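A quick write-up on the structure given underneath.
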Amino acid sequence: MLDDMLDYLEHLREQPVWQPIPQEARDLFRQPLASEPLDLAAAHDTFMQNVLPYAVGNAHPGFMGWVHGGGTPVGMLAEMLAAGLNANLGGRDQMPIEVERQVVQWVRELFGFPESASGLFVTGTSMANLISVLIARTAVFGSSVRQSGIAAGQRLTAYTSASAHVSIAQAMDIAGIGTDFLRMIPVNDQYQMDVDALERAIAADRKAGMTPFFIAGTAGTVDVGAIDPLAALAEVAHREGIWFHIDGAYGALAMLAPDIAPRLRGIERADSIAFDFHKWGQVPYDAGFVLVRDGALHHSTFASPAAYLKREARGMAAGSPWPCDFGPDLSRGFRALKTWFTIKVYGSEKLGRVISNTCALAQYLKQRIEATPLLELLAPVSLNIVCFRYRCEDADRVNADIVVALQESGIAAPSTTTIDGHLAIRAAIVNHRTNASDIDALISATIKFGEAHTAHGQTS
Ligand SMILES: *Cc1c(COP(=O)(O)O)cnc(C)c1O
């Protein structure tokens with residue numbers, strides 16, 4: 001199994017990024033519950049033949065869809081160790097939790113947070129955003145809100161940009177505050193939150209008797225990779241006494257890249273930061289993280305006095321507070337181990353260079369688009385995301401077809417988004433394996449499929 005996976009990773013480039021799933025493969029996984037044992041080698045073979053070739057392909061250098069990390073062999077091996085150990089990181093006095101605490105300490109250091117800040121591995125930024133909304137709610141009402149709920153007539157309002165990720169709205173929904181009370185603040189021509197519009201929205205809500213409680217800036221928006229003016233947002237939040245959260249799902253780790261980190265100025269003033277090691281950090285899925293400045297408030301939002309979790313000063317039930325006191329999960333896997341291995345074995349400098357390099361590749365793609373009359377850039381390139389299209393009649397339809405053709409060809413796998421009402425081909429370069437040849441392949445295949453689709457359109 002190890003040989004097969006190492007071979008897979010070594011020879012990714014010779015394989016298609018993605019390929020449609022044959023019906024036989026799906027059928028193999030629509031069988032009734034098996035009572036008889038299957039030979040391990042046969043199960044492995046089923047995986048090799050029917051699962052591995054038909055994954056989404058984000059380990060592949062040609063994968064540029066959404067914002068998915070590439071993973072590494074080191075992360076893979078660490079996952080094997082973690083699975084063998086089968087540690088449950090909900091709590092108790094065990095070294096695996098010390099590994100998680102080590103990563104928490106590194107994260108504090110990276111973002112310039114105090115020793116009293118808390119951190120927790122979670123599934124992903126969606127969960128980290130939700131946890132942050134809940135802590136901000138506790139900041140307004142005190143931890144008694146956990147028993148009393150939010151009283152009728154008390155209206156919390158939150159603010160994020162129109163380009164924010166949908167998980168911010170989802171957090172408002174799940175927290176019971178309601179998406180109607182999330183203000184989607186317009187963006188400027190760089191797709192950053194308009195700070196004047198934010199201030200006006202807060203003033204209008206206060207006037208209407210609402211309680212503004214949460215500002216979520218984004219460091220690296222999903223559509224175009226914009227970074228909100230974080231320092232200005234920190235200023236507004238501080239002046240207004242509002243929790244300042246940053247959704248830095250992929251962008252926050254640009255703190256590791258000396259050429260990009262200065263653009264995140266203001267991140268060190270956040271009350272909470274949500275981000276993913278599984279995107280730009282190249283740690284295998286899943287490895288989300290939430291960092292909270294006020295660790296005591298974080299603890300008071302989630303800690304439960306349930307008797308069966310009684311803590312002791314010695315023995316296995318020592319080591320309180322436990323990770324389960326900082327989030328909704330009791331049983332938790334050892335996400336920290338693959339993260340620790342990735343950071344230790346590659347080093348933070350090298351991980352930072354990967355981030356810089358993907359941004360440089362995005363600039364290269366931008367230049368190639370600008371030098372190609374058949375192509376048109378649709379948004380500024382701030383970090384590692386490039387939105388463009390093939391110029392033609394009926395461009396939305398043709399470009400959607402081009403993206404499907406690219407994906408089905410296995411050459412390159414961008415996704416689509418909508419920019420100012422236009423369908424865009426969106427290339428998010430996240431993977432450490434991607435290089436200039438993959439960018440060139442994307443350009444030439446886009447032109448090839450663009451020509452094919454428009455020629456077809458003319459004759460029909
Ligand atoms: C990916 C992403 C999310 C969601 O993160 P998950 O790890 O998928 O839960 C949230 N916000 C932004 C800006 C993202 O890029």
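What you see is a predicted model; the values in this text were computed from it and never measured. Indexing begins at 1, ligand by ligand and atom by atom, following the structure's order.
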Which atoms of ligand 1 are found less than 4.0 Å from any heavy atom of [X]?
X    : answer
V222 : 14 (C), 15 (O)
H278 : 7 (O)
D276 : 5 (O), 6 (P), 7 (O)
S167 : 10 (C)
G220 : 13 (C)
G124 : 7 (O), 9 (O)
Y250 : 15 (O)

Regarding D223 and T417, is there a side-chain donor-to-acceptor distance under 3.5 Å anywhere? yes
Donor + acceptor pair across side chains of Y159, D205 (<3.5 Å): yes
How far is [atom] from the closest protein heavy atom, and which atom is that?
atom                    : answer
atom 9 (O) of ligand 1  : S126 OG, 2.7 Å
atom 11 (N) of ligand 1 : D247 OD2, 2.7 Å
atom 12 (C) of ligand 1 : A249 CB, 3.2 Å
atom 1 (C) of ligand 1  : K279 NZ, 1.3 Å

So does R397 pair up with D401, basic N to acidic O under 4.0 Å? yes
Does a salt bridge link E100 with R335, judged by any charged N lying under 4.0 Å from a carboxylate O?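 Salt bridge between E100 and R335, a charged N being under 4.0 Å from a carboxylate O: no.
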Contact summary for [X] and [Y], nearest pair of heavy atoms:
X    : Y    : result
L256 : S348 : CD2-CB, 3.8 Å
G69  : Q282 : C-OE1, 4.3 Å
E79  : Y285 : OE2-O, 4.0 Å
P53  : M48  : CD-O, 3.3 Å

Among I267, V107, V292, I273, the one residue meeting side-chain contact (heavy atoms from CB on, under 4.5 Å) with F113: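 Only one of I267, V107, V292, I273 forms a side-chain contact (heavy atoms from CB on, under 4.5 Å) with F113, namely I273.
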Hey, is T125 touching ligand 1 through its side chain, its backbone, both or neither, going by heavy atoms under 4.0 Å?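 It is both parts that get close, each with some atom under 4.0 Å.
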At a 4.0 Å cut-off, with the gap strictly under it, does some heavy atom of V67 reach an atom of ligand 1?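 Checking ligand 1 against V67, which is what was asked, there is no heavy-atom contact under 4.0 Å.
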